[in-house]
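Step one of this worksheet: look at the structure below.
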Protein chains: 2
Amino acid sequence: MANIREIAKLANVSVSTVSRVLNKHPYVAEEKRLAVMQAIEKLDYIQNINAVHLSRGKTKTVGVMLPYVNHPYFSSLLEGIGEEALKHEYGLHLFQTAYDPDKEIEALAKMKMRMVDGMIILSRKSSWSKMEEYCLSMPAVICEKLDHPSVSAVFIDHYKAFRQGLDHLLSKGYRRIGYCIARRTGTNSNLRYQAFSEGLAEQNIAVTEDWIFDRCLGIEDGERVARQLYGMAERPDALLVSSDQVAAGIIAEWSKLGLRIPGDLAVLSFDNHPISRALQITTMDLPVNEMGKTAFRLFLERLTSGQVKQMEAEAALIERKTV
Amino acid sequence: MANIREIAKLANVSVSTVSRVLNKHPYVAEEKRLAVMQAIEKLDYIQNINAVHLSRGKTKTVGVMLPYVNHPYFSSLLEGIGEEALKHEYGLHLFQTAYDPDKEIEALAKMKMRMVDGMIILSRKSSWSKMEEYCLSMPAVICEKLDHPSVSAVFIDHYKAFRQGLDHLLSKGYRRIGYCIARRTGTNSNLRYQAFSEGLAEQNIAVTEDWIFDRCLGIEDGERVARQLYGMAERPDALLVSSDQVAAGIIAEWSKLGLRIPGDLAVLSFDNHPISRALQITTMDLPVNEMGKTAFRLFLERLTSGQVKQMEAEAALIERKTV
DNA sequence: TTGTATGCGTTATCAG
DNA sequence: CTGATAACGCATACAA
């Protein structure tokens, strides 16, 4: 494997000159540039990027920490980040954690070894206190409402969004309301519970804990919920569902059971992914791809100008046929 | 930023000793090991992974080239690769290309700079002749039926799978058959066309080019196809659809138009993603997550023992209600 | 079991 | 415009 020194020798110039043509510096004689190019060609020279990283002290790479990639919410976010990163000639290093706190910390530790120039955290399970030291060691962007003076964030206000969904159900006359969510814990989950209970309280309605379903991630979880619901003596008349996928599962299974939507059960979900339009699901639009792009831009801004920003992305109700 | 030398000085040992404890070598006195650990603690030392990469000549990272991540087929594949990579303590560097040949070549070039120890190619647009030199420069795995003596592969035999789907439609009496596919070109697309035309030829049925729809990737494309179909004077009575997502879009739109499945149109798709079960779509199961895991294992095997393997993954018909 | 010296392949500074 | 040389931070062969 030829290196810069051999190129220099063959081209009869110094290594600095070779480095200069490699990096397209100005001020190098056309004649020498050509000689270098020829030597590169002749020796099949390929730059060793690891040496560049070491020498420069940066990698032009951003690390992305996320639980799963096989989920429309995360893959849309990731797609947005990827598009923007590519545009700015940044690489993408993936850290998939499956919400395992140990893996999360391992990922953060790897990144701290200068493997990346900064990080974007899509979702997490670990407590912020355990993560903080890592997030402060480099530019960090997080996709949740985290109010920290040196961590940028782009987020949906899930209190507001959930409340908006709930209020829509209430305005349509539904009173026996439950919801489906991915996890019990986590910033966003807490916010949603709060929105839910406060919204009901204002109407003097008590929360029915049995109508709160967790571990709802994909279509199959929706199917499970529908069957659970079916077996209940006291059923809700409406459900907020934190993901279109889950809503699709509920609706599919529900109609197999011979029940009607929204007659027997109204469903309002979140994401506005294509599946919700296909199935005519009333949903809250979440601009996820755009959030991904914003996340990358925030990272870049933080890296180059040091600026920290918190940006809220707006959710919007899309009325269709399930409420 | 403390480095190994400062640690050595503070701990009163040599840099080699520090390196040894860092790498958990045997044969280092417990006493010195402790001294080193303390120094590390005291100076907040973090290893610089880029220096390690340069020195070792490898990165414990695999590069994954793919067009999109926001698509169940690719994200499942990616998820499988990620799980297996994590298990073997390998990192994952993503190269998203959007099927742009220039970006594909750029990605391959980056990888060749020793950014990764090997690559896994999920799908591509570039011709093999343009990619070959890169794929031979390091262990490479490709997810298609590519018969090359030094490139490992894991693939569905799309000729066989498509043919199996087609034969099922034929056996059920359908004769006016069309299909939906992502792209016109590419190894897999060609294989499918071949399976399609040969399968029909055996029954003395001519191919109707108007019933072949390309650029079908997501639900929205399925909706588009359904509307196109609706406006046709001569309609097919059955459709092979290369992705469950697209099938879901077709079925959703089709029923909005007041037509029946399979009465007015039979649909047989591919993937067996959760959406197909929810909508009771007859589909060919493709073990995509498992293929991802296999892809990583093949990469590792190639890296450590030099072995090249071609592995076929089997598709299987899942009969439900749309045929 | 430990230390010395050298290599890994670039970039960057500074003098010319 | 060009070249010599010192970083960058770590791993490792070899000697002790």
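Proteins come first, then strands; the chains are lettered A, B, ... in the order of their sequence lines, and each starts at number 1.
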Which residues pass the ring-ring contact (aromatic ring centres under 6.0 Å, His included) test with [X], not counting sequence neighbours?
| X | value |
| --- | --- |
| B/H148 | B/W128 |
| B/H71 | B/F74 |
| A/F299 | A/Y90, A/F296 |
| A/Y134 | none |

Given atom NZ of A/K58 and atom C1' of D/dC8, what is their separation to the nearest angstrom?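 Spelled out: NZ on A/K58 to C1' on D/dC8 is 14 Å.
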Whole-Å distance separating the NE2 atom of A/H53 from the C1' atom of D/dC8: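 For the pair A/H53 NE2 and D/dC8 C1', the rounded distance is 13 Å.
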Any pair counted as salt bridge (charged side-chain N to carboxylate O under 4.0 Å, His left out), so long as it reaches [range], sequence neighbours left out:
| range | result |
| --- | --- |
| residues 20-36 of chain B | B/E30-B/R33 |
| residues 74-83 of chain B | B/E83-B/K293 |
| residues 49-60 of chain B | none |

Toward the 5' end of DNA chain C, by each residue's nearest nucleotide, B/A29 or B/R114: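 Result: B/A29.
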Which sits closer to the 5' end of DNA chain C, B/L54 or B/E30, going by the nucleotide each is nearest to?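 So the residue in question is B/E30.
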Between side-chain atoms of residues 107-114 of chain B and protein atoms elsewhere (two or more places apart, or another chain), which donor-acceptor pairs fall under 3.5 Å?
residue	atom	partner	partner atom	Å
B/K112	NZ	B/E133	OE1	3.1
B/R114	NH1	A/I46	O	3.1

How would you give the extent of chain A contacts on DNA chain C, as first and last nucleotide 5' to 3' within a 4.0 Å heavy-atom cut-off?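 Nucleotide range in contact with chain A: C/dG9 to C/dA12.
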B/E84: what forms a salt bridge (charged side-chain N to carboxylate O under 4.0 Å, His left out) with it, not counting sequence neighbours?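 B/K87, B/R297.
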If the helix axis at each end comes from five base pairs, how far does the helix from C/dT1-D/dA16 to C/dG16-D/dC1 deviate from straight, to 10°?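 End-to-end axis angle: 30°.
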Run the numbers on B/N3 and B/N48 for side chain to side chain contact (heavy atoms under 4.5 Å, CB included), then give the verdict. CA-CA 8 Å; B/N3 61 25; B/N48 183 320; over 6 Å; no
For nucleotides 10-12 of chain D, give me every protein contact, N/O to N/O, under 3.5 Å, one pair per line with atom names.
residue	atom	partner	partner atom	Å
D/dC10	OP1	B/Y45	OH	2.1
D/dC10	OP1	B/N48	N	3.2
D/dC10	OP2	B/I4	N	2.5
D/dC10	O2	B/S55	OG	3.4
D/dA11	OP1	B/N23	OD1	3.3
D/dA11	OP1	B/N23	ND2	3.2
D/dA11	OP1	B/Q47	NE2	3.3
D/dA11	OP2	B/S19	OG	2.8
D/dA11	OP2	B/N23	ND2	3.4
D/dA11	O4'	B/S55	OG	2.6

